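Take a look at the structure below.
Since the model is a prediction, treat every value here as computed from it, not as a measurement.
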2 protein chains.
Amino acid sequence: MSPRSSAQFEEMREDKKTLIMNVALEHFSDYGFHATTISHIAKHAGISKGLMYNYYKSKEDLLAAIINRSLDEIYQSFNPDHDSSLTPDEFENFIKRIFAIFREKRQFWKLIYRVMLQRGVYEHLSDDPDATFTVGGMPLMEYSAYMGKLFSDYFIRKKETEGPDYDPVTEMLMFSNTLKGFALTYIFAPEQYPDLYFEKIIETLIRKYR
Amino acid sequence: MSPRSSAQFEEMREDKKTLIMNVALEHFSDYGFHATTISHIAKHAGISKGLMYNYYKSKEDLLAAIINRSLDEIYQSFNPDHDSSLTPDEFENFIKRIFAIFREKRQFWKLIYRVMLQRGVYEHLSDDPDATFTVGGMPLMEYSAYMGKLFSDYFIRKKETEGPDYDPVTEMLMFSNTLKGFALTYIFAPEQYPDLYFEKIIETLIRKYR
DNA sequence: TATCTTTGACCGACCGTTCAATCAAAAACG
DNA sequence: CGTTTTTGATTGAACGGTCGGTCAAAGATA
């Protein structure tokens, strides 16, 4: 039998790191950062409390790792090939994809809503230079600003085809906040959305804002 | 000087209870339930930690008191005279009033979003029979269901005046989630809403959904 | 003095984190 | 191959610190 290579060890190590992340994501997103204890995470991951600290140097380090992993995953599945400006088709695809992501990454969004809304936790993370979040190599804040501009331009461009009392800022606010509201409800109370309406709402959003 | 009557004592007591509530509301809503300590609240209220427990029997009791007070205040300012069904004017007024309430009771809404989204805190409160929340004498859940029905009926009634592909359920979901999204953004990042757009958005909501 | 209010030292519980001790398995040895 | 040594993943008791909550005692009042 061949001896285990160090690569295989590394793989097992990664498996365990991943396992811890998965368990921690569930607990953080369900109970919040403060209310989740390292002991609970360890117990549910089937390891001892002490071992946690071989893989992550602190509770916050673990949280940052989870967030970074999810940001990467989301960025990957977004496959953003828009180099400059948004076409109506791209706009439509964005809506479809973002709802799919809400569905697939529900746990992560729960975490985001809980942690980001908890003053002190996020601020502390932002202060730590090891934990500056990046999306596709770009700092998170920069990426958000870039996306904001993309959509803002899209709604400004629509002004030409719409009536004279069309206000792009109001329209964009209406759109982004509707999305936000659906995200919130779907993430925390998905039972309110039978699959039928999930699809219908995507259609409606496209019809009203494309 | 006349001796203090017991009524006056009671009044002072109420003042202090109110002071504690105000300070606690600020801390709970800014930092969350777990991250807020009794010591901090006491210090900012200018009293000792021990005295807190003369007025509230626990940290959770204090939280429940705050929520109940705010629910009452909101219910009062709502002045709900709809006995049966909603007219378009009443619908319009509802939008105006709810935005006004977001503005006036921002701290309370922050608290609600933070605490209610924190599994464990709310569940624990709901289990305590002393802390079942009521709105205008009605249990909170019952009141929510009643309001839901009111709006649901409103959108169903609109079906007659709208086109054949008008779906009241989708329309109501669009409306309520847009409201939710604006609430969230306005409560946690009001700097994104210059007063100008605050008004414009109310108008737009009325135009689109009345 | 008698009564009521207020204090803050104190308690037990629990938290995140550390680290000496353990031990199965890999490596080295003969 | 059998035996010994080394390794490093794993454990869990222990630590320092903080929290919610208590209570004997000091202070205020009348």
Side-chain angles (χ1 to χ4, degrees), chain A residues 1-21 23-24 27-28 31-66 115 118 120-121 124-125 128 130-131, chain B residues 1-21 23-24 27-28 31-66 115 118 120-121 124-125 128 130-131:
Chain A
M1 191 196 287
S2 71
R4 276 185 182 146
S5 69
S6 74
Q8 275 176 311
F9 269 123
E10 198 48 43
E11 198 176 310
M12 281 185 57
R13 205 184 136 78
E14 278 309 308
D15 279 359
K16 197 151 278 184
K17 281 190 85 164
T18 303
L19 170 67
I20 295 172
M21 272 203 222
V23 172
H27 284 234
F28 283 151
Y31 298 97
F33 184 74
H34 291 296
T36 301
T37 69
I38 294 287
S39 302
H40 277 87
I41 297 174
K43 181 173 281 178
H44 279 83
I47 61 168
S48 74
K49 195 163 57 153
L51 189 55
M52 289 274 326
Y53 288 87
N54 276 21
Y55 296 102
Y56 301 97
K57 69 173 198 278
S58 71
K59 196 183 177 186
E60 296 207 350
D61 184 44
L62 172 58
L63 174 63
I66 292 171
V115 169
Q118 192 98 11
V121 179
H124 206 271
L125 277 176
D128 185 354
D130 290 345
Chain B
M1 193 195 289
S2 70
R4 278 184 179 142
S5 69
S6 74
Q8 276 176 311
F9 271 122
E10 198 49 42
E11 197 177 311
M12 283 184 56
R13 204 184 137 79
E14 279 308 310
D15 280 358
K16 196 151 281 183
K17 283 190 83 164
T18 302
L19 171 66
I20 295 171
M21 272 202 222
V23 173
H27 281 72
F28 283 151
Y31 298 97
F33 184 73
H34 290 294
T36 300
T37 69
I38 294 286
S39 302
H40 276 88
I41 296 174
K43 181 173 282 179
H44 278 85
I47 61 167
S48 73
K49 189 163 64 151
L51 191 54
M52 288 274 326
Y53 288 86
N54 278 20
Y55 295 103
Y56 300 97
K57 70 172 196 280
S58 71
K59 197 184 177 185
E60 298 207 348
D61 183 45
L62 172 57
L63 174 62
I66 292 172
V115 170
Q118 192 99 10
V121 178
H124 206 272
L125 277 175
D128 184 353
D130 289 346

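Atoms NE2 (B:His40) and C1' (D:dT18) sit 11 Å apart, rounded to a whole Å. Taking atom NE2 on B:His34 and atom P on D:dT18, their separation rounds to 19 Å, with Å as the unit. Atom pair A:Phe33:CZ and C:dG16:C1' shows a separation of 10 Å (rounding to whole Å applied). Atom CD1 in A:Ile47 sits roughly 7 Å away from atom P in D:dT11 (whole-Å rounding). Rounded to whole angstrom, the span from the CD1 atom of A:Ile38 across to the P atom of C:dT17 amounts to 6 Å. Atom-to-atom, NZ of A:Lys57 to C1' of C:dC19 comes out at 19 Å; the value is rounded to the nearest Å. Between A:Leu51 atom CG and D:dA13 atom C1' there is a gap of 16 Å when expressed in whole angstrom units. Summarising the geometry, the separation between NZ on A:Lys43 and P on C:dG16 is reported as 13 Å, rounded to the nearest angstrom.
With rounding to the nearest 0.5 angstrom, the CG atom of A:Leu19 is 13.0 Å from the NZ atom of A:Lys17.
Put simply, A:Lys49 has no side-chain N or O that comes within less than 4.0 Å of OP1 or OP2 on D:dG12. A:Tyr53 has no side-chain polar atom (N or O) that falls below the 4.0 Å cut-off from OP1 or OP2 of C:dT18. Between C:dT5 and B:Tyr55, no contact under 4.0 Å exists linking OP1 or OP2 to a side-chain N or O. The side chain of B:Lys16 contributes an N or O atom lying less than 4.0 Å from OP1 or OP2 of C:dT6.
Distances were taken from every side-chain heavy atom of B:Ser48 (C-beta onward) to each of C:dT6, D:dG12, D:dC19; the shortest belongs to C:dT6.
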Practice problem: Show your working on side chain to side chain contact (heavy atoms under 4.5 Å, CB included) between A:Leu51 and A:Asn54 and close with a plain yes or no. | Solution: CA-CA 5 Å; A:Leu51 189 55; A:Asn54 276 21; 3.8 Å; yes
Practice problem: Test side chain to side chain contact (heavy atoms under 4.5 Å, CB included) on A:Lys59 and A:Phe28 and set out the steps. | Solution: CA-CA 11 Å; A:Lys59 196 183 177 186; A:Phe28 283 151; 4.1 Å; yes
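Toward the 5′ end of DNA chain C lies the nearest nucleotide of B:Gly50, the other residue of the pair B:Gly50 and A:Ser58 mapping further downstream.
Between A:His44 and A:His40, the ring planes lie parallel to each other; the angle is under 30°, not in the 30° to 60° tilted range.
For the pair B:His34/A:Phe33, no side-chain contact is recorded, criterion being any heavy-atom separation below 4.5 Å from C-beta on.
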